[in-house]
Amino acid sequence: MAKASQAMDYTVMLAPVTAATASRTASVDTRGADYATLLITLGAEANTNSTNVTLQLAESDTNGSFATFNSNFNRVIDNTAAVVVAYHVDLKGRKRYLQLTIQPDSVATQGAVIGSAVAALDLEYKNVANSSYADVVVVG
């Protein structure tokens with residue numbers, strides 16, 4: 001197997017803001033990436049009424065008209081305590097854009113949720129000169 005130079009590109013999709021009761025949506029351009037890891041951080045519920053946050057991941061060829069590609073990525077998360085949710089997506093053969101939606105419990109009396117999301121894209125650089133590779137050190 002040949003060596004391949006790897007790089008990670010990190011994108012803040014949703015920054016933490018004042019607790020929200022409405023859904024928040026953000027997309028990321030995955031062009032050139034082989035894999036994506038999305039880390040979603042949800043704060044602990046504000047009161048004992050708020051217990052669920054719905055997460056949805058969709059894809060699109062353009063930055064619009066998003067559609068669910070795998071129902072396993074649509075999840076209901078219990079945020080009684082703060083939680084981090086990770087999605088790992090193999091992007092080979094996938095569409096260019098991913099969209100994440102965070103929807104707090106829809107009941108009006110429920111507490112607001114602070115949420116944030118970061119996308120880490122695994123980029124493979126092809127046709128890189130050998131001088132760009134790190135030295136290999138063998139110990140032992």
Side-chain angles (χ1 to χ4, degrees):
M1 175 185 258
K3 289 184 183 179
S5 178
Q6 298 287 326
M8 294 296 286
D9 178 38
Y10 295 89
T11 302
V12 175
M13 294 179 68
L14 291 170
V17 296
T18 305
T21 55
S23 67
R24 295 178 65 208
T25 301
S27 60
V28 63
D29 186 348
T30 64
R31 186 177 64 159
D34 292 324
Y35 300 95
T37 296
L38 277 60
L39 295 175
I40 300 102
T41 304
L42 300 172
E45 61 188 25
N47 58 51
T48 56
N49 295 330
S50 176
T51 57
N52 296 319
V53 176
T54 301
L55 302 178
Q56 179 184 19
L57 192 62
E59 70 176 356
S60 177
D61 283 328
T62 62
N63 201 4
S65 301
F66 287 90
T68 299
F69 62 94
N70 185 331
S71 61
N72 291 328
F73 286 116
N74 296 340
R75 300 170 60 189
V76 176
I77 305 299
D78 181 350
N79 68 316
T80 301
V83 64
V84 175
V85 179
Y87 285 139
H88 302 288
V89 183
D90 184 348
L91 298 172
K92 296 179 203 118
R94 301 261 41 107
K95 296 184 178 180
R96 179 174 171 177
Y97 295 92
L98 290 178
Q99 179 187 63
L100 174 69
T101 301
I102 298 175
Q103 173 66 53
D105 198 324
S106 60
V107 178
T109 60
Q110 308 299 25
V113 174
I114 296 176
S116 66
V118 174
L121 303 177
D122 181 11
L123 307 170
E124 182 177 351
Y125 291 98
K126 298 179 169 94
N127 300 323
V128 178
N130 285 340
S131 61
S132 297
Y133 296 125
D135 293 333
V136 175
V137 178
V138 178
V139 178

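The figures here come from the full heavy-atom set of this structure, side chains too, leaving out hydrogens, waters and symmetry mates. Here, residue 1 is the first one in the sequence, and each next residue gets the next number.
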Over all atoms of both residues, closest heavy-atom pair of [X] and [Y]:
X	Y	answer
Thr68	Ala58	N-CB, 4.0 Å
Gly32	Leu123	O-CD2, 3.6 Å
Arg94	Val89	CD-CG1, 4.4 Å
Ala22	Pro104	O-CD, 3.5 Å
Leu42	Gly115	CD2-CA, 4.2 Å

[Y] reachable from [X] in the ILVMFWY side-chain graph, under 4.5 Å edges:
X	Y	value
Val83	Val113	yes
Leu121	Leu39	no
Leu100	Val76	no

Query - Donor-acceptor pair, side chain of Asn79 and main chain of Gly43, under 3.5 angstrom - result: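 Answer holds: yes.
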**Report entry** Members besides Tyr97 in its Ile/Leu/Val/Met/Phe/Trp/Tyr cluster (side-chain heavy atoms under 4.5 Å)
**Finding:**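 Besides Tyr97, the hydrophobic cluster comprises Phe66, listed by chain and residue number.
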Requested in this report: If you link ILVMFWY side chains whenever their heavy atoms are less than 4.5 Å apart, which other residues fall into the same cluster as Tyr35? By chain and number, please.
Outcome: none
**Report entry** For Ile40, the option from Leu14, Val53, Leu55 that meets side chain to side chain contact (heavy atoms under 4.5 Å, CB included)
**Finding:**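 Among Leu14, Val53, Leu55, the one that satisfies the side chain to side chain contact (heavy atoms under 4.5 Å, CB included) with Ile40 is Leu55.
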Requested in this report: Kindly indicate, with the supporting measurements, whether the criterion salt bridge (Lys or Arg N to Asp or Glu O under 4.0 Å) is fulfilled by Asp29 and Arg96.
Outcome: CA-CA 6 Å; Asp29 186 348; Arg96 179 174 171 177; 2.7 Å; yes
Report task. List in chain and number order the residues that pass side-chain contact (heavy atoms from CB on, under 4.5 Å) with Asn72, two or more places apart in sequence or in another chain; answer none if no residue qualifies. Result ->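 Applying side-chain contact (heavy atoms from CB on, under 4.5 Å) to Asn72 gives Asn70.
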**Report entry** With sequence neighbours excluded, residues passing side chain to side chain donor-acceptor pair (under 3.5 Å) with Asn63
**Finding:**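 Partners of Asn63 by the side chain to side chain donor-acceptor pair (under 3.5 Å) criterion, ordered by chain and then number, come out as Ser27.
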Query - Residues that Thr37 engages under side chain to side chain donor-acceptor pair (under 3.5 Å), provided they are two or more places apart - result: His88
Report task. Answer yes or no: is there a side-chain heavy-atom contact under 4.5 Å between Val85 and Arg75? Result -> yes
Query - Contact list for residues 18-27, test salt bridge (Lys or Arg N to Asp or Glu O under 4.0 Å), sequence neighbours left out - result: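 Qualifying pairs, neighbours excluded: none.
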